[in-house]
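One structure coming up, written as structure tokens, with questions to follow.
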Amino acid sequence: MNMEKPLRILVLEDDATDLVLINRELRKGGMDFHSQRVETRDDFVRELEQNPPDLIFSDHGLPSFDGLAALAIARQRCPEVPFLFVTGSQTEEVAVETFSRGAADFISKSRLSGLVPAVHRALHLAEERARRRHTEQALRESQDRYRRLAKLCPDALFVQGTHRMLLAASVTAWLLDVVRRCLNLEFKAVGRITTLSVDSKSRTINLKMDLNGEPAPAELKIRGYTLREDNGAAFLELGIVETSRDWINALLDYRSNRRRVEVTGWEQVIKALL
């Protein structure tokens, strides 16, 4: 989510006074946004089509168009946009139903202090889902290129008696490019990896990064790594990281006390390189 631009918030609400209270709470939380209130189905659909929002707020019960119907439309037309109920309905059954149908959160109008934290959670989850989609798309595109390469150059890889796949230079370069682009999606907030090499014998990874906000690139050497799979997810656990930027080590420690990077969806590429 690009936070440099004001958030576009579509609000399904029949009470203009409630919108004033919602806007006030968002401003108290330091949020930069523009909200658009609608009451009818036609206006709701028109805004989705003509002014796609970054967030959707909805009351639960409206005279002519209820929030659950709006949620169903939003899930069909813009499933990536977080949909939050901001409503006076406070029963547990209503909250459970909204979550079961795909709402990102449920905030009571009597407790609007929880609105800003709920918005931050919803935006964070949306960014994570978008990152995962981009990673999976990059992997699919790389797999397509690999299949074309294998078809054109059947001798590019062969299997030894130990059943370990040996890679020709062209295929190795392709695999490293896949890993580099996937890692760039993982660490796009920090910078961009420009070069990447792996020495499987010494279990060393060397990479160079262009860091956001810094004029000179950073070089990193990672000594030791382990690929682990846990509950359907795959992680690359890093050993000793040697770099002149102390804050990179601090960042890795902050992201996980195990210094691991999630590689779910492209662990087979990692295995081939390791």
> Are Leu7 and Leu125 connected in the hydrophobic side-chain network, where two residues link if heavy atoms are under 4.5 Å apart?
Replying inline: no
> What is the minimum heavy-atom distance between Ala118 and Asp105, and which atoms define it?
Replying inline: CB-OD2, 3.4 Å
>> Just so I know, are the side chains of Asn206 and Leu220 near enough to count as touching, which here means a heavy-atom distance under 4.5 Å?
In response: no
> Is Thr226 reaching over with its side chain to a backbone N or O of Glu237, donor-acceptor style, under 3.5 angstrom?
Replying inline: no
> Are Gln36 and Ile9 side-chain neighbours, meaning at least one heavy-atom pair lies under 4.5 Å?
Replying inline: no
>> Return the CG to NE2 distance between Asn23 and His34, rounded to the nearest 0.5 Å.
In response: 9.5 Å
>> I'd like to know whether Lys109 forms a side chain to side chain contact (heavy atoms under 4.5 Å, CB included) with Asp18, so could you lay out the CA-CA distance, the side-chain angles of the two residues, the decisive distance to 0.1 Å, and finally the verdict.
In response: CA-CA 8 Å; Lys109 289 180 179 178; Asp18 283 347; 2.7 Å; yes
> Within a strict 4.5 Å, meaning less than it, do heavy atoms of the Glu242 and Arg223 side chains meet?
Replying inline: yes
>> Nearest 0.5 Å, please: how far is OG in Ser58 from CG in Asp66?
In response: 8.0 Å
Which side-chain N or O atoms in residues 73-85 pair as donor and acceptor under 3.5 Å with protein atoms at least two apart or in another chain?
unit_1: Arg77; atom_1: NH1; unit_2: Glu49; atom_2: OE2; d: 2.7

>> So Arg46 and Arg41, do their side chains get closer than 4.5 Å, heavy atoms only?
In response: no
> What are the two closest non-hydrogen atoms of Leu12 and Gly67, and how far apart are they?
Replying inline: CD2-CA, 4.4 Å
>> Regarding Asp32 and Arg27, does a basic nitrogen lie under 4.0 Å from an acidic carboxylate oxygen?
In response: no
> Of all heavy-atom pairs between Leu71 and Thr98, which one has the smallest distance, and what is that distance?
Replying inline: CD2-O, 3.9 Å
> Which value, rounded to the nearest 0.5 Å, describes the distance between Lys28 atom NZ and Ser113 atom OG?
Replying inline: 8.0 Å
> Shortest non-hydrogen contact from Met209 to Ile193?
Replying inline: CG-CG1, 3.7 Å
>> side chain to side chain contact (heavy atoms under 4.5 Å, CB included) for Leu10 and Arg8? Distances and angles first, verdict last.
In response: CA-CA 7 Å; Leu10 177 59; Arg8 299 185 303 275; over 6 Å; no
>> If hydrophobic clusters are built by linking Ile, Leu, Val, Met, Phe, Trp and Tyr wherever their side-chain heavy atoms come under 4.5 Å apart, do Leu207 and Phe235 end up in the same one?
In response: no
> Any link between Leu21 and Val116 through a network of hydrophobic side chains (Ile, Leu, Val, Met, Phe, Trp, Tyr) touching at under 4.5 Å?
Replying inline: yes
>> According to salt bridge (charged side-chain N to carboxylate O under 4.0 Å, His left out), who are the partners of Asp15, at least two apart in sequence or on a separate chain?
In response: none
> Is the shortest distance from a Lys or Arg side-chain nitrogen in Glu25 or Arg111 to a carboxylate oxygen in the other one below 4.0 Å?
Replying inline: no
>> Same cluster or not: Ile107 versus Val20, using hydrophobic residues (I, L, V, M, F, W, Y) connected whenever any side-chain heavy atoms lie under 4.5 Å apart?
In response: no
> For Arg24, which residues count as a salt bridge (charged side-chain N to carboxylate O under 4.0 Å, His left out) partner, sequence neighbours excluded?
Replying inline: none
> Looking only at heavy atoms, which two atoms of Leu115 and Phe57 are closest? And how far apart?
Replying inline: CD1-CZ, 4.0 Å
> Can you check whether Arg203 reaches Tyr225 side chain to side chain, under 4.5 Å on heavy atoms?
Replying inline: yes
>> Any salt bridge linking Arg37 with Glu39? Criterion: basic side-chain nitrogen under 4.0 Å from a carboxylate oxygen.
In response: yes
> Considering the options Thr243, Thr204, Ile240, Leu238, which one meets the side chain to side chain contact (heavy atoms under 4.5 Å, CB included) requirement together with Ile222?
Replying inline: Leu238
> In Å and rounded to the nearest 0.5 Å, what is the CG to OG1 distance from Asp210 to Thr194?
Replying inline: 5.0 Å
> Can you list the steps and then say if Val119 with Met31 is a side chain to side chain contact (heavy atoms under 4.5 Å, CB included)?
Replying inline: CA-CA 10 Å; Val119 166; Met31 301 201 69; 3.4 Å; yes
>> Within the structure provided, determine whether Val86 and Asp59 are in side-chain contact (heavy-atom separation under 4.5 Å).
In response: no
>> Taking the side chain as everything from C-beta on, heavy atoms only, tell me whether Pro53 gets closer than 4.5 Å to Leu48.
In response: yes
>> Please give me the minimum heavy-atom distance between Phe44 and Val38, naming the atom from each residue.
In response: CA-CG2, 4.0 Å
>> Could you check whether any side-chain heavy atom of Lys221 comes within less than 4.5 Å of a side-chain heavy atom of Ile205, counting everything from C-beta outward?
In response: no
>> Rounded to the nearest 0.5 Å, what separates atom CD1 in Ile22 from atom OG in Ser35?
In response: 8.5 Å
